[in-house]
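Worksheet: the structure to be examined is printed underneath.
Chain naming here is simple, since letters A, B, ... match the order of the sequence lines and numbering starts at 1 in each. Computed over heavy atoms, backbone and side chain alike; hydrogens, waters and symmetry mates excluded.
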Amino acid sequence: MSSSTSVRTDAPAVVLTGITKRFPGVVANSDVHLTVRTGEVHALCGENGAGKSTLMKILYGMQPPDEGTIEVNGEQVRFKTPADAIKAGIGMVHQHFMLADNLTVQENVVLGAEALHGIGAKARRKIQELAGQTGLNVDPGVLVEQLGVADRQRVEILKVLFRGAKVIILDEPTAVLVPQEVDELFATVRGMQEQGFTFLFISHKLDEVRAIADSVTVIRRGTTVGTADPKTVSSRQLAEMMVGSELPSPETRTSTVTDIPVLTVSGLVLSAPDGRALLDSIDLVVHSGEVVGIAGVEGNGQTELVETVMGMRKASAGTVTLGDDDLSKLGTLARREAGIGYIAEDRHRHGLLLTQPLWFNRILGYQTRKPTAKGAWLDREGAKRDTERIVEEFDVRTPGIDVPAAALSGGNQQKLVVGRELAGDPKLLIASHPTRGVDVGAQALIWDEIKNARARGLAVLLISADLDELIGLSDTIKVMLRGRLVADADPSTVTPEDLGSAMTGAGSTSAAVHEEGEN
Amino acid sequence: MGKLRGNLLPPALAIVFSALLCGLALVLSGANPLKAFGAMVNQVGEGSTAVDIINSTGIYYIAALAVAIGFQMNLFNIGVEGQYRIAAVVAAIFGGSVALPPGIHSLAIIIVAAVAGAAWAAIPAILKVTRGVNEVISTIMMNGIALGVAAYLIRRDVFGELRGNNIRTPEIAESGWVPGIPLGDNGTLFGLVFLAIALGVGYWVMMNRTRFGFELRASGESATAAAAGGVNAKKMILVSMLLSGAIAGLVSMPEILGRDHTYNLNFPGGIGFSGIAIALLGRNHPAGIAFGALLWAFLDKSGLALDNVGVPREIVTIMQGTIVLSVVVAYEVVRRFELASEQRRVGRELASAGGAA
């Protein structure tokens, strides 16, 4: 690591002091302290939902803090909009690229910053000058749609450089990259660091943080718990800082796996419009009383697998069978009626009708069934009664069932969704990131409910980015890579590290992970 | 209750605001706004104005319901205009060329009108479902086509006949008429105003009590969540568009079966567009739409009095425009405010109930 060669000055690049941000019902950040020295790569680490994004939105001027101060290069600043932050030399590269595919590199970079260097030859020269620093070796006139993921990310970095950023926030930059691209990105970051740029690197992947960062600040449940030197701290210590010691264990003790297959997926193929296979001959069996976990770096086909099994995407080939029923030709509603409960990965987009009351949300997905419907008519009383039951049994913290779903905190929304999807005794539960972005209390409750349902013979297909959750809850783990199930792992012996390397396709040295086709 | 306030406050604010704005416009053009508004209110008591307003309300109400059904799932059916015109000409031709017993004759005409409206709406619906064509574009174009088709159908060498200076479809026999309620000097109330009321009740029941209404609302609120909840988006688009078209088809029935008994060159246009504004004003709620339709009809009919006090009648159009504009803004402002205050309330109640938790 090249930290010894990087430029250091007296005033830190960014100092956040006592930042507090409250959202209705939740404190997203409370008393956060963060000091980023000029010329360093500073990692901000924390679990999903720990408050990293909120903090960065505050630093980038997207949201004002309720309390606390921001200093940039020793001067106290107040950002009202991202434009203020950009003016102060702070740039942000978002996790999801914000590029227009049908414009050229130059057009994308210049868009919104036309006043700086015009839109013509001068801007082009500036872009070419800056492109070298990011390692981008393409002509500015090339359309962005022709670029790969890594180059698109460089264009994003180029955008913030073009606007004069000296401090660059990288929000989960590796989530969309394959390992080789991660290495290239890190090389770019180190090169730019030597030229005096400062980086704030947001991640929850400890190995990456240890590989790139000069210092690490850990954020847990909205507050910073400390800063560490990645060269002296171990991954285990970092992990403990991140999750705290009071974290409930997802571990399931006794096996309840039976040999009755509930979900049988065979030869499932899903093709993208351009012919690329998003899912490539997936074979999968989930038995009654079994939790099958799918491990994988996000974007390797887990979402597509779930949505194809749910009938939200139309499979190009293959069959999906639930018990003895062939679901392959059926729509989503019929699949739900056949006995599938579905906890979607994004509860706001797929799980809830945010402005509608809780009892109205109880009906969603159950609009044809008791107790929420009678024939073509809704049973509002039944829906309300059953919502009361869910609120009671799943400890949903709400003043009543008539408040809109948006008024609840994330954890309580998710408890409502879990309660709904476990209602009516489903045969199969598809749980996609069931505890993402929820507080520890809700997480423990959701884990308990999944375990209880499993003990009653429910089959569960679990998708999670939280490897501890995956290992703790699953009876079988399958590793997904580029649309294929490439390996099996035994959750009783596998470690998160083994699983992590299998997920990136690096191959595994552990006996607990078996490459598919080996046996 | 907060919810009621959230529903009533925005239109009230919008009406006050647009009245002020129009008052300002009147002052600027040298007229006395109080006198103008006074003349409009007095006009209601004159001759048949009151009954005209009710008749007109019924017609606007049906048009706005047609639009509202689409709005419920974010479908913008601008084509109500064309759908009711096509339905009117087809139903008038049908009614004028068959002989059926009383009652059955009128019922048959109404059904034909609904089917014709639905069929005209089916074209953009099918285009959207199969080819992804935006319904805004296709329904606007269908409006233009509807004008041409209607003009063609009443040509003398097709179905039309010449009466004086007017070209019209053959008159519907008396067995097909829907008698009104005569109120002497005050005019005649269209019998089919009650159809509008029945449609409003049916609409409310459908939206609030049936599975279809639930799926419609869910689709409008969040297409992705509806899909995950098993709502078939294509089916919903098709069904809601057909339903919208069928109701649109009924828009001209009160006039044709209650007064004109024929489709002619003087056929009133623009009701479909007014329906859009009224549905917005009424927030797709059956009672809100009724209020909006009444307001629209009042402005239309009593605006005639403005000429008497030397104020241009077009001020009414300005007023209608500003009402719609400000009501849209007001709803959004109030909606955001209500949501934020609701979240604060839940947060507060939980904090006081759960203590540190």
**Asked** Is any NZ, NE, NH1 or NH2 atom of the basic residue among B/Arg211 and B/Glu215 found under 4.0 Å from an Asp or Glu carboxylate oxygen of the other?
**Response** yes
Counting only non-hydrogen atoms closer than 4.5 Å, does [X] touch chain B with its backbone (N, CA, C, O), its side chain (CB onward), both, or neither?
{"X": "A/Arg349", "result": "both"}
{"X": "A/Leu352", "result": "backbone"}
{"X": "A/Ala344", "result": "neither"}

**Message:** Assess the residue pair A/Lys384 and A/Asp386 against the criterion (salt bridge (Lys or Arg N to Asp or Glu O under 4.0 Å)); give the C-alpha distance rounded to whole Å, side-chain angles, the decisive distance to 0.1 Å, and a yes or no.
**Reply:** CA-CA 5 Å; A/Lys384 287 180 182 176; A/Asp386 203 57; over 6 Å; no
**Request:** Tell me, with the steps shown, if A/Arg336 and A/Glu421 meet salt bridge (Lys or Arg N to Asp or Glu O under 4.0 Å).
**Result:** CA-CA 10 Å; A/Arg336 279 177 162 276; A/Glu421 299 304 333; 3.1 Å; yes
**Residue pair B/Gln72, B/Ser240: steps toward the side-chain hydrogen bond (donor to acceptor under 3.5 Å, both in side chains) verdict** = CA-CA 9 Å; B/Gln72 289 282 3; B/Ser240 59; over 6 Å; no
**Request:** Identify which of B/Val205, B/Asn232, B/Asn208 forms the greatest number of heavy-atom pairs closer than 4.5 Å to chain A.
**Result:** B/Asn208
Most contacts with chain B, counted as non-hydrogen pairs under 4.5 angstrom, among [options]:
{"options": "A/Ala373, A/Gly331, A/Pro404, A/Gly351", "result": "A/Pro404"}
{"options": "A/Arg347, A/Lys374, A/Gln356, A/Met310", "result": "A/Gln356"}
{"options": "A/Asp346, A/Leu353, A/Thr332, A/Thr368", "result": "A/Leu353"}

**Asked** Which atom names give the shortest non-hydrogen contact between B/Leu295 and B/Ile323, and what distance separates them?
**Response** CD2-CD1, 3.8 Å
**Shortest non-hydrogen contact between B/Ile78 and B/Phe273, atoms and distance** = CG2-CE2, 3.7 Å
